[in-house]
Number of protein chains: 2
Amino acid sequence: MGSTQGRRERLRAETTAEIKQVALKLMATGGPDAITLRAIAREMGMTANAIYGYFATRDELVTTLINEVYTALADAVDAAWAESSAAGPADRIRTWARAFRVWALANPEGFRLIYGDPVPGYQAPEGGPAPDAAYRVCTGIAALADTAWPHVGHSHAASDFQWSDFDDGLLGKVRPAFPGLPPAGLALALRIWARLHGLVSLEIYGHLRGQTVSPDKLFEEELVQLVRSLGIRT
Amino acid sequence: MGSTQGRRERLRAETTAEIKQVALKLMATGGPDAITLRAIAREMGMTANAIYGYFATRDELVTTLINEVYTALADAVDAAWAESSAAGPADRIRTWARAFRVWALANPEGFRLIYGDPVPGYQAPEGGPAPDAAYRVCTGIAALADTAWPHVGHSHAASDFQWSDFDDGLLGKVRPAFPGLPPAGLALALRIWARLHGLVSLEIYGHLRGQTVSPDKLFEEELVQLVRSLGIRT
DNA sequence: GAGGAGACTATACGGCGTGAAGTTTTTATA
DNA sequence: TATAAAAACTTCACGCCGTATAGTCTCCTC
């Protein structure tokens with residue numbers, strides 16, 4: 001009957017997918033707090049314990065979700081990056097940054113899941129979650145810096161970072177992909193990321209409400225100043 | 001018999017203080033998730049329900065804690081600001097920023113409480129929490145911009161923000177204190193804040209781990225570039 | 001010393017994650 | 001095809017949580 005290895009595994013995969021999908025729906029509806037095994041099971045007409053056949057623990061489910069959502073973010077910014085391949089460095093950086101913010105605003109719960117305290121008592125299992133997607137986003141910000149680097153003002157290049165200032169972790173793995181990027185360039189990548197993250201996370205967590213009515217304008221101004229501070233000559 | 005209004009109220013105030021203190025201790029120990037009425041009561045040799053005599057609900061307790069912690073942060077940055085009153089704008093900005101980061105690193109749970117998803121199902125009651133402390137921190141960042149403004153490069157002044165781009169909320173109340181600060185200056189204040197917040201929150205939430213081994217250096221470099229990008233002539 | 005207010009406990013409900021044991025359904029094998 | 005194994009799923013249970021209701025005890029006041 002079915003394909004290789006039979007239909008048992010197909011059903012299993014479908015159920016696994018449904019669990020994740022229902023969990024994401026619950027998150028979109030009621031925030032990350034709404035991700036409970038019992039609620040998911042209720043929604044699926046199952047018992048909460050049945051989920052343990054698919055995920056060893058609730059935190060493992062959450063980790064999987066983080067991976068899933070993180071991948072969606074990586075897809076979004078990668079797509080924007082690819083589409084702007086013909087543009088100059090300043091435009092590419094702006095495009096990437098806008099894609100990042102647009103995704104975050106469209107998926108605020110996902111953003112919280114990735115970058116905030118995800119879910120009530122969540123503890124990331126060994127090695128932390130989402131290494132693949134994190135690697136991709138990390139590659140993205142390194143690509144930003146790599147694109148800008150040849151055009152960047154000398155003040156950025158003057159900073160005295162060493163290779164030893166960076167972990168062998170994510171950036172260490174990303175590094176070989178950008179042979180032209182020196183330590184100061186990696187530092188620049190992190191700082192660009194932080195600038196974008198700062199504004200977006202303030203907006204997502206509502207700390208800009210009560211401050212400004214036009215976060216778009218503020219973000220665009222920040223992009224103008226970011227590109228300007230890089231010293232890129234257009 | 002105690003002072004005005006008797007000792008009954010004094011005991012009450014002491015118990016209230018102890019509840020908050022125990023809650024903060026639990027938070028420091030086991031993270032924001034550890035703030036549970038039952039755990040607090042256990043620690044105090046009481047019943048969980050006894051706490052309802054002091055706080056109407058768990059969220060009200062959390063709101064109070066946020067206020068408390070937020071005030072501590074405001075105290076820290078205000079103190080740094082006051083101490084640097086004799087310095088130039090660049091130094092004052094750096095001093096404030098360092099105080100912000102130092103406080104955050106010393107009180108990571110507090111930082112999460114203020115700027116992240118505080119506690120499992122927490123919903124801020126009407127009006128949101130911590131208006132006073134938020135006002136003070138808001139005043140702080142406005143003061144940063146106000147100090148920098150007269151020395152700031154023309155590119156920042158050129159941005160076309162209007163008064164109508166800002167809420168009547170926090171910044172609206174802060175505005176009168178800085179009559180020399182135009183709309184573009186308020187925008188600058190928010191952007192400076194966001195830059196600092198971005199780097200610090202990435203660090204607090206562990207997203208810089210696996211990236212760099214020297215967040216200090218990265219932060220200092222960001223300060224150098226921040227001051228530089230402001231165009232302040234020293 | 002009687003009344004009342006305030007502080008606290010007891011009990012209970014529903015929701016949570018999860019462990020242990022049991023039941024039903026499907027698959028693989030003799 | 002009959003049967004044993006494995007997988008899927010349920011039931012029951014435990015301890016945690018916030019919180020509502022009702023009851024108890026203690027102290028202050030008149």
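Computed from heavy atoms alone, side chains included, the values below leave out hydrogens, waters and symmetry copies. Here is how names work: the chains are called A, B, and so on, in the same order as the sequence lines, proteins then strands, and each is numbered from 1.
Following rounding to the nearest Å, A/R58 (CZ) and C/dG15 (P) show an atom-to-atom distance of 18 Å. Computed from coordinates, the A/I35 CD1 to C/dG15 P distance equals 19 Å when rounded to whole Å. When rounded to the nearest whole Å, the span between CD of A/E18 and P of D/dA8 equals 15 Å. Residue A/L26 contributes atom CG, which lies 10 Å from atom P of C/dC16 at whole-angstrom precision. In this structure, CD1 of B/I40 is placed 16 Å from P of D/dC16, rounded to the nearest angstrom. Computed from coordinates, the A/D59 CG to C/dT18 C1' distance equals 12 Å when rounded to whole Å. A straight line from CZ of B/R10 to P of D/dC28 spans 11 Å, rounded to a whole angstrom. Here the C1' atom of nucleotide C/dT18 and the CZ atom of A/F55 are 16 Å apart, to the nearest Å.
Side-chain N/O atoms of B/T57 include one lying less than 4.0 angstrom from OP1 or OP2 on D/dT19. Listed pair A/R42 / C/dC16 meets the phosphate criterion, a side-chain N or O lying under 4.0 Å from OP1 or OP2. Within the 4.0 Å cut-off from OP1 or OP2 of D/dA8, not a single side-chain nitrogen or oxygen of A/Y52 is found. Side-chain N/O atoms of A/T36 include one lying less than 4.0 angstrom from OP1 or OP2 on C/dC16.
Side-chain atoms of A/F178 and A/L186, non-hydrogen and from C-beta on, never get closer than 4.5 Å to each other.
Among C/dC8, D/dA13, D/dG18, the nucleotide with an atom closest to any side-chain atom of A/R38 is D/dA13.
Ring centers of A/F111 and A/H197: under 6.0 Å apart, within the cut-off.
Taking 3.5 Å as the limit, the base of C/dG6 and the side chain of B/R12 contain no donor-acceptor pair of atoms between them.
A donor-acceptor pair is defined here as one N or O able to donate and one able to accept, closer than 3.5 Å; such a pair exists between the side chain of B/T36 and the backbone of B/A39.
Between the side chains of B/T147 and B/R92, no donor-acceptor pair of N or O atoms lies under 3.5 Å.
In terms of position on DNA chain C, the residue among B/Y54 and A/N49 whose nearest nucleotide sits closer to the 5' end is B/Y54. Ranked by how close their nearest DNA chain C nucleotide is to the 5' end, A/L37 and B/M46 are led by B/M46.
To the nearest 0.5 Å, atom CG of residue B/L113 and atom CD of residue B/E68 are 11.0 Å apart.
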